[in-house]
Amino acid sequence: MKVAGAGDGAAAVMTTVEDVPDHLLEVILLRLDSSVSLLRAAAACTRWRRVVADAGFLRSFRSLHGARHVAGRYHTVDPSFGWPPSAGGSSVVFVPSSPPVIGVASRFFTLDFLPDYADGNAWSWELGDSRGGLLLFSKKRKSTGRWAAMADARGFSFPDLVVCEPLTRRYQGIASAVYFRRHPCLGVFLLDGDAADADDTGGGGIGMSNFRVVAALHDRTWQHDGAVPLACVFTSGSDGGWRVLQSAAAAAVDLPERFDFINFAGRAGGCLYWGIDGEDGAMLVLDVATMRFSIDMFPETIRASYDKWTFRVIDGGYALRVVRVMRNDLKVFAQLAGSGEWVVERLVSLPEATRELPGRRETYFRQEAKIVAANAAYVLLTPQEKKRWLFSVELETGKVERRHERNRYAGAAYSYELPWPPALQACADYGGGRRRRR
């Protein structure tokens, strides 16, 4: 761009984008539409990368653009429902968001970099949780002894774990301590890293160098016929590792002696919930902020005829929500913030709502329908008479349909967000003036 001087005959001055001062460059870069575009800008040159990588700039960018970009969902596949053709024998299938995130192809979310995947043992890994741009996989360990063998058979033994970031193809294995293998595992979950680290990274909170894993264990007490919950937390980093959190509150929480009577029900409002068979209205709750267990009593109208296939706890944003199938009516209960009062937010008669769906038969719904998976957006269900006849109900609209891609996979779905802050790598200069983009 040529800029003429102030007087007649002044020599024309050639300026470039390099003449734009940093504070104006920040204003320009803050107008980019996504973290993907931000990554591309950072790869343009070392100066742009320096501006983008600044923690203050990243905080400003995220505050302006709000929520992270969800690239898609990893759908788990339950082999008992049959393998869908697109699964290819894998227990996890990635389905991109619609419309897809510009500049991010589905090939970036493959899991072939994980151990054993290349050897055709993809089925041996089980996806258990996701948070931000990380996934948590477990690999069941075969144990010895009658109690441990029963735990393995029911999927409750403490597994070896892998935390990975598909977009950067990095992973970290986490071996279980010998102590943990003596206790049945009720579930493992991903948590954000330390708050201080989150501030230093521009408001992120989780990444391969900054994450935690919490494991809930069933600690059987031999003093009486029962058990208590136990929380163990793994922290990443050189000073991290597993630690057992002993809690006086947990010692007062009585659980059934049989761990298979306790079923994970969902995650909402910073808490993890488990339903307890045979306990009217009782739910085991773990507050992940305080790592304290408690027993929460749900109303009889919600917990009546409890069954793990007909009950889910989901995050409702402003309120705790419970999804129930009761006499083949799908009911969504919401607990009003502040008052604690429960109200019916939505009611869908499944036999009536599915009547016009393709493949529907009159013999369906003579038994109670099953909830296959549930989240804040939709509930995936199937009639007991035909396990592979999957359909979903959108919670916001109550719409019932079968044609969506999510209805192909019988299992939970885990959202995958583009990592934040973006994984920035310098555009390094190499000898002879050659520049290579990394």
Q: Output, in order, the C-alpha distance, side-chain angles, deciding distance and verdict of side-chain contact (heavy atoms from CB on, under 4.5 Å) for Leu30 and Val27.
A: CA-CA 5 Å; Leu30 283 173; Val27 173; 5.6 Å; no
Q: Let me see the working for Arg169 and Asp112 under salt bridge (Lys or Arg N to Asp or Glu O under 4.0 Å), right down to the final yes or no.
A: CA-CA 9 Å; Arg169 300 178 68 81; Asp112 55 0; 2.8 Å; yes
Q) Do Val162 and Ile174 pass the side-chain contact (heavy atoms from CB on, under 4.5 Å) test, and can you show the C-alpha distance, the side-chain angles, and the key distance before you say yes or no? A) CA-CA 6 Å; Val162 164; Ile174 304 174; over 6 Å; no
**Q.** Criterion side-chain contact (heavy atoms from CB on, under 4.5 Å) on Leu161 and Phe137, from CA distance to verdict
**A.** CA-CA 6 Å; Leu161 307 172; Phe137 284 88; over 6 Å; no
Q) Does the pair Val163 and Val213 meet the rule for a side-chain contact (heavy atoms from CB on, under 4.5 Å), with working shown? A) CA-CA 9 Å; Val163 174; Val213 175; 4.1 Å; yes
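Under a 4.0 Å N-O distance rule, the pair Asp192/Arg131 qualifies as a salt bridge. Taking the charged nitrogens against the carboxylate oxygens, Asp277 and Arg258 have no contact shorter than 4.0 Å, which rules out a salt bridge. Between Arg321 and Glu345, at least one side-chain nitrogen of the basic residue sits less than 4.0 Å from a carboxylate oxygen of the acidic one, meeting the salt-bridge criterion.
Under a 3.5 Å cut-off, the side chain of Trp274 and the backbone N or O of Val285 do not form any donor-acceptor pair. Of the possible polar contacts, none joining the Ser392 side chain to the Val379 backbone as a donor-acceptor pair under 3.5 Å is found. Side-chain atoms of Arg243 never come within 3.5 Å of backbone atoms of Cys232 as a donor-acceptor pair (strictly under, hydrogens ignored). In this structure a side-chain-to-backbone donor-acceptor pair under 3.5 Å is missing from Ser130 to Leu135. Looking at Thr310, its side chain never comes within 3.5 Å of a backbone N or O of Tyr306 through a donor-acceptor pair. One N or O on the side chain of His218 and one on the backbone of Pro256 form a donor-acceptor pair closer than 3.5 Å. A donor-acceptor contact shorter than 3.5 Å links the side chain of Thr382 to the backbone of Lys387. Distance alone, capped at 3.5 Å, is enough to place a donor-acceptor pair between the Arg312 side chain and the Lys308 backbone. Side chain of Trp389 to backbone of Tyr364: no donor-acceptor contact under 3.5 angstrom is found. Side chain of Arg346 to backbone of Leu395: a donor-acceptor contact under 3.5 angstrom is found.
The minimum heavy-atom distance between Thr76 and Tyr409, with the atom names listed, is O-CB, 4.0 Å. What you find for Trp125 and Pro115 is that their closest heavy atoms are NE1-O, 2.7 Å. Here the shortest heavy-atom pairing between Ala268 and Ile314 reads CB-O, 3.4 Å. Summarising the geometry of Arg403 relative to Pro358, their closest heavy-atom pair is NH2-CG, 4.1 Å, with the distance given to 0.1 Å. When all heavy atoms are compared, the tightest approach of Leu134 to Leu190 is O-CD1, 3.8 Å. Across Thr110 and Pro166, no two heavy atoms sit closer than the pair O-CB, 4.4 Å.
Taking the six-membered ring for Trp and the full ring otherwise, Tyr74 and Tyr414 have centroids separated by 6.0 Å or more. Aromatic rings of Phe264 and Phe189 (six-membered ring for Trp) have centroids within the 6.0 Å cut-off, being under it.
With a 6.0 Å radius and a threshold of 12 heavy atoms from other residues, nucleotides or ligands, Glu396 has its CD atom at or below the threshold.
Taking CG from Leu230 and CG from Leu245, the interatomic distance works out to 8.0 Å, rounded to the nearest 0.5 Å. With values rounded to the nearest 0.5 angstrom, Phe94 atom CZ is found 13.0 Å from Arg107 atom CZ. Interatomic distance, CG of Leu217 versus CZ of Phe259, reported as 12.0 Å (0.5 Å rounding). Here CZ of Arg303 is found 8.5 Å from CZ of Phe298. Values are rounded to the nearest 0.5 Å. The CG atom of Leu136 lies 11.0 Å from the CZ atom of Phe234; values are rounded to the nearest 0.5 Å. Put simply, CG on Asp54 and CZ on Arg49 are 11.5 Å apart, with the number rounded to the nearest 0.5 Å.
Side chains of Val288 and Arg212 form no contact here, defined as non-hydrogen atoms less than 4.5 Å apart. Here the side chains of Leu255 and Phe261 are not in contact, with every heavy-atom distance at 4.5 Å or above. The shortest side-chain heavy-atom distance between Glu385 and Arg361 does not fall under the 4.5 Å cut-off. Thr301 places none of its side-chain heavy atoms less than 4.5 Å from the side chain of Trp342. Between Phe109 and Leu167 there is a side-chain heavy-atom pair separated by less than 4.5 Å. At a threshold of 4.5 Å between non-hydrogen side-chain atoms, the residues Val343 and Leu336 count as touching. Proximity of Val214 to Met291: side-chain heavy atoms (C-beta onward) are separated by under 4.5 Å at one or more points. The shortest side-chain heavy-atom distance between Val348 and Lys399 does not fall under the 4.5 Å cut-off.
A donor-acceptor pair shorter than 3.5 Å can be found between the side chains of Arg170 and Thr168. For the residue pair Arg73/Ser415, the side-chain donor-acceptor check at 3.5 Å is satisfied.
If you run side-chain contact (heavy atoms from CB on, under 4.5 Å) between Leu381 and each of Val393, Val323, Val372, only Val393 comes through.
Checked against salt bridge (Lys or Arg N to Asp or Glu O under 4.0 Å), Arg406 has the following partners two or more places apart in sequence or in another chain: Glu394, Glu401.
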Got a list of side-chain donor-acceptor pairs under 3.5 Å for residues 326-333, not counting sequence neighbours?
unit_1, atom_1, unit_2, atom_2, d
Asn328, OD1, Ala369, N, 2.8
Asn328, ND2, Phe365, O, 2.9
Asn328, ND2, Gln367, O, 3.0

